[in-house]
Every structure is written in C-alpha cells, then in structure tokens.
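Working notes for the structure below.
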Amino acid sequence: MQSEYIKMETALADAGLTMLQAVRLALDLVEESDGKRHRGAVSMQRCRRVIQLGSEQWRAQRRSVSFTTAVQSLLHAKAARRKRTLTEIRSVTARLLRADSRLAHRRVNTITPRMLGELLNTHLPTPRQREKARVILHGLFAHCMRQGWMQGRGNPAAALRFSVEPETEIAPLEWRQIRRLLRNARRAEHRACMPALGLMLWAGIRPAEVERLQWGDIDLAEGVVSVRPRHSKTGGRRHVQICPALAAWLAQAAPAAPPPESRVCPPNWQRRWKRLRLAAGIVPWPQDVLRHTFASYHAKHYRNFPLLQMEMGHRSAELLRTRYLNMRGLTAAHAAAFWKKLPV
C-alpha cells in the first residue's frame, strides 16, 4: 500500500501537482460531469467524456487565431479591393479594439453573439453604425470559417440584427434643374466637369466611382461604360449602355484622344464640381441625386426593372423599388427627351 502511495505521489509530482490539487481537480471534474448523482463506472465514464470534450475544444481553440490576426488576414485577402472598403474594415475593427482592449488577443472561436451584441450596443451610438459594424464583422468571421479557425462554431455576427430606420426617399432632379445644370456645365469655367456630369446623370455612375473612372473605361464605338471591380462600390464589374444623349454630350465634352489611363474627372474635381452645383443654384445638393435621377427617368421611359438593376449594379430590385424610384412629376415626354436629346 505504501509503495502504491509513493508511486501516486511521484506521478503527481511529475505532472506538477500535489495530492491536494489532484483531489480538487477530481472533485471539480465530478461536479462538472454531474457524477455525484452516479456511482462507480458510470461516474468514471462521465468524467472521461468531459475530459474528451474539453480536450477537443482545447485543441480547436489552439487551432484558432486572435481577433487582431484574423483582421490582418482579412485585409490581406481583400488587398485587391478598393481603398475605401479596406479603410472601412480598419476603421470599424480599430474602434472596437479601442473600446475593449481584451478583444485584440481573444481567439475568434471564443467570441459569442452575446459578446458582440454587448460590444456594439455599448460603444456604437446609432443603429446604422451598429448595423454597418455587424456587416463587416460578419465578413470577418466568414473569412475565419473558411480558414478553419472557427471549427464547430457558427458565425457569431449572423445572429445579430439592428433595426435601422429606412432611408428617406430622394426625389430626382426636376426638368428645369437638369436643364440649368447642363447649361452651366457648358460654360468655359465649368466645361472640364462635363464628362463626369454626363456619366453620373445618364449612366448612373456613383460619385465615388466616377472619380476613379478612366477614359479607357469608356468605349464610344461599342457604346458602353465599364465599371471595373476595383472601381465599383460593391466590388463587382458592370457595363452601362451609352444612350444617345450621353453619346452626344461626350462628343462635345471629351478631350481629343485622351490617354486611356487618364482620369475622366479633372484635377481639383471636388472643388470644381461644387462650383458647378452652386452656379446651377441647386442648394443644398442631395447626396447621389444624379444616380436617383438616372434610375427614375430610366424606369419611367423604359419600364425595364431587370435592365435597370443590371446597369445600376444592384444584387436585387428591392432597393430600386424602396428607395431609388420616385417618378412623381416626371412626364413621359420629358423621360423620352432625357434619353434621346439634350434637355437644354
């Protein structure tokens, strides 16, 4: 008996444990496995099962990475995306790290929906900010799942939902406003803005996209404008048809044989664009109003939602129906003239 006791003490010492520590661990194990309600072999089986499950989780956790490492991996994977996308990922994740410094070293497969919900609700003041952060985090954890860092775990951001007030409907420019804007764009001091204005108005190109657009993306012979993935908001390529009005406008506005890699927007674009808007007397200027004008006049004249959805680069027609289309005050005659001849 004495020799068995000595062997047991020696084995515990080799494991770095005292007898008292081993007893405490055994009691904790019995407690966690609900072994007190069972005896003998049943209790031992339960304890072994708890050890097995715990070791599996421990190994899975060791195969995971920290939140900071996951963010860097995501940024590397998306390096080809546009600069604004990467900036938004960095901005949101950096804000969360400042809010909770413990998040930096927490392994991603230990982060729960409850943790994320508390973090976003506590440190992001508006529903729109929380929803934007949720979307970015959903993409981050989806990347982690693809890398095998979330084994046995779902995406913790998928369970979160934040109620966001619907965006207000934006009315398109009125016919007289369009005419005034185009007349002012033809003046010598604003002429350099003509190409970009035409592309936003008659092709629905987003303001941020038109700033990245190059003359090589415009094929007048084929009658198409190509928005490349790294230039688009959503990261997808799309082609927009050049209507007769836009073709005539670009024929007047485009420089002679511009280098394909040169920008459509002139130097100091933002300042020039603001001056043109002020000269046209459209103050305040509604954000994205030219894209809304494009969508509304397109729907009024062509009545082809699938085509409009494709040209605007939307994944579904729902956004068109709920926010972009506002045809109050648009006449069929004005819509037809909008696409076929310059409304001046």
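Because the structure is a prediction, the values reported are computed rather than measured.
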*asked:* Can you confirm whether Glu222 is buried at CD, in the sense that more than 12 heavy atoms of other residues, nucleotides or ligands lie under 6.0 Å from that atom?
replied: no
*Quick one: does Thr69's side chain have a donor or acceptor within less than 3.5 Å of a partner on Val65's backbone?*
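No, Thr69 side chain to Val65 backbone: no donor-acceptor pair under 3.5 Å.
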Are [X] and [Y] ion-paired here, with the side-chain N under 4.0 Å from a carboxylate O?
X      : Y      : answer
Glu131 : Arg128 : no
Glu209 : Arg291 : no
Lys132 : Glu88  : yes

To the closest 0.5 Å, what do you measure between [atom1] ([X]) and [atom2] ([Y])?
X      : Y      : atom1 : atom2 : result
Ser73  : Lys78  : OG    : NZ    : 11.0 Å
Met194 : Leu182 : CE    : CG    : 8.0 Å
Thr68  : Arg106 : OG1   : CZ    : 12.0 Å

Minimum side-chain heavy-atom gap [X]-[Y] below 4.5 Å:
X      : Y      : value
Asp217 : Val227 : no
Leu181 : Leu290 : yes
His143 : Gln147 : yes
Arg186 : Trp249 : yes

*Look at the aromatic rings of Trp269 and Trp273 and report parallel, tilted or perpendicular, splitting at 30° and 60°.*
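Aromatic pair Trp269/Trp273 classed parallel.
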*So Tyr297 and Phe338, would you call those rings parallel, tilted or perpendicular, with 30° and 60° as cut-offs?*
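The arrangement is parallel - the two ring planes meet at less than 30°.
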*Ala133: what forms a side-chain contact (heavy atoms from CB on, under 4.5 Å) with it, not counting sequence neighbours?*
Val92, Leu120, Leu124
*Between Trp339 and Phe294, does the ring centroid distance fall short of 6.0 Å?*
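Yes, ring centres under 6.0 Å apart.
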